[in-house]
Amino acid sequence: MSEVRVRFAPSPTGFLHIGGVRTALFNWLFARRERGKFILRIEDTDQSRSTEESIQAILEGLRWVGLDWDEGPFRQTERIDLYRQHAITLFERGHAYWCVCSAEELEARRKEAQAKGLAQKYDGRCRERGITTPGGEAALRFKAPQEGQTVIDDLIKGRVVFENILLDDLIILRSNGYPTYNFSVVVDDALMGITHVIRGDDHLTNTPRQIPIFHALGYAVPRFGHLSMIMGSDKARLSKRHGATSILAYKEMGYLPEAMINYLVRLGWSFGDQEIFSVQELIEKFTFDQVQKSAAVFNPDKLLWVNAHYIRQGEPKRIAELLQPFLAQAGLGDEARAMPAGWMERLVMALRERSQTLVEMAQAAVPYLQQDIPIEDEAAEKFLTPAIAPILGHLAERLAALQEFTKPGQEAAFKEVMERAGLKMGQLAQPVRVALTGRAASPGIFEVIDLLGRERTLARLRKGVERAKAARP
RNA sequence: GUCCCCAUCGUCUAGCCUGGCCUAGGACGCCGGCCUUUCAAGCCGGCAACACGGGUUCGAAUCCCGUUGGGGACACCA
């Protein structure tokens, strides 16, 4: 049984987007499950549009989501000679011919054909010219078969049949000596021993163009699997118009890589009713026959839910580490680092049930890290009233008098103050919450006290008393 | 225009291959409730779909044909 070899072959003409990551993920999962190889190949033969920056963004994006590759990254621009050699071989064997039609002529003919409602296909006028050594600019065209059918037994779509009469004589070598996509892919897939070509749906019609090239070159044809596209809420193909589509943008928005993986895999693949999968589980369970044939709409709300799930379930220590850059961005990096060991983990445990992203968590962390906190007007108006001032003052006294500043003592203090004032927990806790955090919503009040510690708790409580006294009745 | 792919709640999907167990299940979101020191989380409940039309069959979400709708491809881009 030969080894499974799959590849992810992005073109570096922009950032790595969500759809690309999903394609890479399905390839990677299949490779890992089959104990095969996952190969990374950069298709940068478009000189004018490829950038080094894009290449780096692709590598960084893949690393972030944990899709490690076994071979590569190979770059097609470093393999140009290989393509030329193969192209010449094809010419020598009579499978290709020189074409001297200019790009302008071709464009004009194409437009004319379109206007007349005819097939937009090369008319083959250079096919029989038998040019052996082109004088000026010339491109090499592949002689596509014009009879019979090309059948694909697709891993996902099933049997797909194309009539060869529809096949165009594709240019395989441009007049500038560079190979075109449909040719370099075939040469690389063949030479790299790719056994399964798993790629986007948009390549399905390229497949019947590529298969004859494999044949002409005398190489084995790999198996193909075409994944459906991911669309935006307007059912149009996902693009910049739909907001963040770069995988790294999600990192910056505070999403966890495992959440991205989990969400993306469920976009088109399923395992019964299960929603949450660890990567290990995915490797064990992933199969192509559970991959959906139809396109899927990207749903940001569900991604958010998955992310919140992983924030809640994650190791507090790790979440705390991942949170650090977001705190730094909020100007609280130094404060966070100054906290005693284990404190950040307690903070994470207190905030994780209320944070859907790390950005949200960083915002929620402000009252516990910042020295002076603003008190939201609406919250103060509602809860820091003159009537509550003496009661808060009393609570501050009781807390200050505690021998040990621990939860049982704090609870006793609250209880005593409540009884004396004839208040219920909610009536006391809300004003305290506003005084301590400046907000009307927060983790449990004793968790807040624990995070703030004795000094800050007492200071903020006293400050709250002043604010309450000064409030309009 | 030509060719190709696709079609279950608003969205992701189970079920379809191997018709009856489907008065179509789960998840996100939404609505209501419970819990409760707030907000969440959690739990319980609700709303909501087999695109349409023919066939095949005792019986079709499931098989076949057509229609409609959506997507993709038709470059010296990838």
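Lettering of chains follows the sequences in order, A, B, ..., and the numbering in each one begins at 1. Here the structure is a predicted model, which means the values were calculated and not measured.
Using a 30° and 60° split on the angle between ring planes, A/Trp269 and A/Phe286 fall in the tilted class, from 30° to 60°.
Donor-acceptor pairing under 3.5 Å is recorded for the side chains of A/Arg199 and A/Thr207. For the residue pair A/Thr89 / A/His95, no side-chain donor-acceptor distance below 3.5 Å is found, with atom types taken as modelled. No side-chain donor from either of A/Asp44 and A/Gln76 sits under 3.5 Å from a side-chain acceptor of the other. With hydrogens and angles left out, the side-chain atoms of A/Tyr181 and A/Asp46 include no donor and acceptor closer than 3.5 Å.
OP1 or OP2 of B/A14 lies within a sub-4.0 Å distance of a side-chain N or O belonging to A/Ser270. Phosphate contact (OP1/OP2 of B/U8, side-chain N/O of A/Gln292, threshold under 4.0 Å): absent. Under 4.0 angstrom from either OP1 or OP2 of B/C76 there lies at least one side-chain N or O belonging to A/Arg110. In this structure, A/Ser294 does not reach the B/C5 phosphate: none of its side-chain N or O atoms is under 4.0 Å from OP1 or OP2. For A/Lys302 and B/U11, the shortest distance from a side-chain N or O to OP1 or OP2 is not below 4.0 Å.
Comparing the same atom, P, in B/C30 and in B/C6 gives a spacing of 34 Å after rounding to whole Å. Nucleotides B/G54 and B/U62 place their P atoms 14 Å apart, quoted to the nearest Å. Going from the C1' atom of B/U67 to that of B/G20 covers 29 Å, rounded to whole Å. Between B/C31 and B/C9, the distance separating the two C1' atoms is 16 Å to the nearest Å.
The side chain of A/Arg266 lies closest to B/G26, out of B/U11, B/U37, B/G26. Nearest nucleotide to the side chain of A/Arg354, out of B/A75, B/U38, B/U13: B/U38. Checking B/C39, B/U37, B/G29 against the side-chain heavy atoms of A/Trp305 singles out B/G29 as nearest. Comparing B/C76, B/C6, B/A14 against the side chain of A/Lys293 picks out B/C6 as the nearest. Picking from B/A27, B/U11, B/C39 the nucleotide with the shortest atom distance to the side chain of A/Asn299 gives B/U11. Considering only side-chain atoms of A/Val297, the nucleotide from B/U13, B/U11, B/U38 that sits closest is B/U11. Which of B/C76, B/A73, B/U37 sits closest to the side chain of A/Arg209 comes down to B/A73.
In this structure, A/Ser442 reaches the bases: a heavy-atom distance under 4.0 Å links it to at least one base atom across the strands shown.
Of the residues in residues 145-161 of chain A, those lying under 4.0 Å from RNA chain B by heavy-atom distance are A/Lys157, A/Val160, A/Val161.
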Pull out every protein N or O sitting under 3.5 Å from an N or O of nucleotides 17-25 of chain B, one pair per line with the distance.
{"unit_1": "B/G25", "atom_1": "N2", "unit_2": "A/Asp273", "atom_2": "OD1", "d": "2.8"}

Between the protein and nucleotides 64-72 of chain B, which nitrogen or oxygen pairs come in under 3.5 angstrom?
{"unit_1": "B/G72", "atom_1": "O3'", "unit_2": "A/Arg237", "atom_2": "NH1", "d": "3.2"}

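Minimum heavy-atom separation, A/Phe91 to A/Trp98: CE1-CD1, 3.4 Å. Across every non-hydrogen atom of A/Ile55 and A/Pro12, the tightest pair is CG1-CB, 3.5 Å.
The number of heavy-atom neighbours closer than 6.0 Å to CD of A/Glu53, taken from other residues, nucleotides and ligands shown, is 12 or below. Annotation for A/Arg127: atom CZ counts as buried by contact number, over 12 foreign heavy atoms lying within 6.0 Å. Around CD of A/Glu315, the count of heavy atoms belonging to other residues, nucleotides or ligands within 6.0 Å does not exceed 12.
Each of A/Asp169, A/Thr180, A/Leu90 was compared with A/Phe142 under the side chain to side chain contact (heavy atoms under 4.5 Å, CB included) criterion, and only A/Leu90 meets it.
Searching all strands for a Watson-Crick or G-U wobble partner of B/C39 with both distances below 3.5 Å returns nothing.
Both A/Phe162 and A/Arg312 lie close to RNA chain B; mapped to their nearest nucleotides by heavy-atom distance, the more 5′-ward contact belongs to A/Phe162. Mapped onto RNA chain B by nearest heavy atom, A/Phe446 and A/Pro10 fall at different nucleotides, with A/Phe446 at the one closer to the 5' end.
Counting atom types as modelled, A/Arg433 pairs a side-chain N or O with a base atom of B/U37 as donor and acceptor under 3.5 Å.
A/Phe414 and A/Phe446 have their aromatic ring centers within a separation under 6.0 angstrom.
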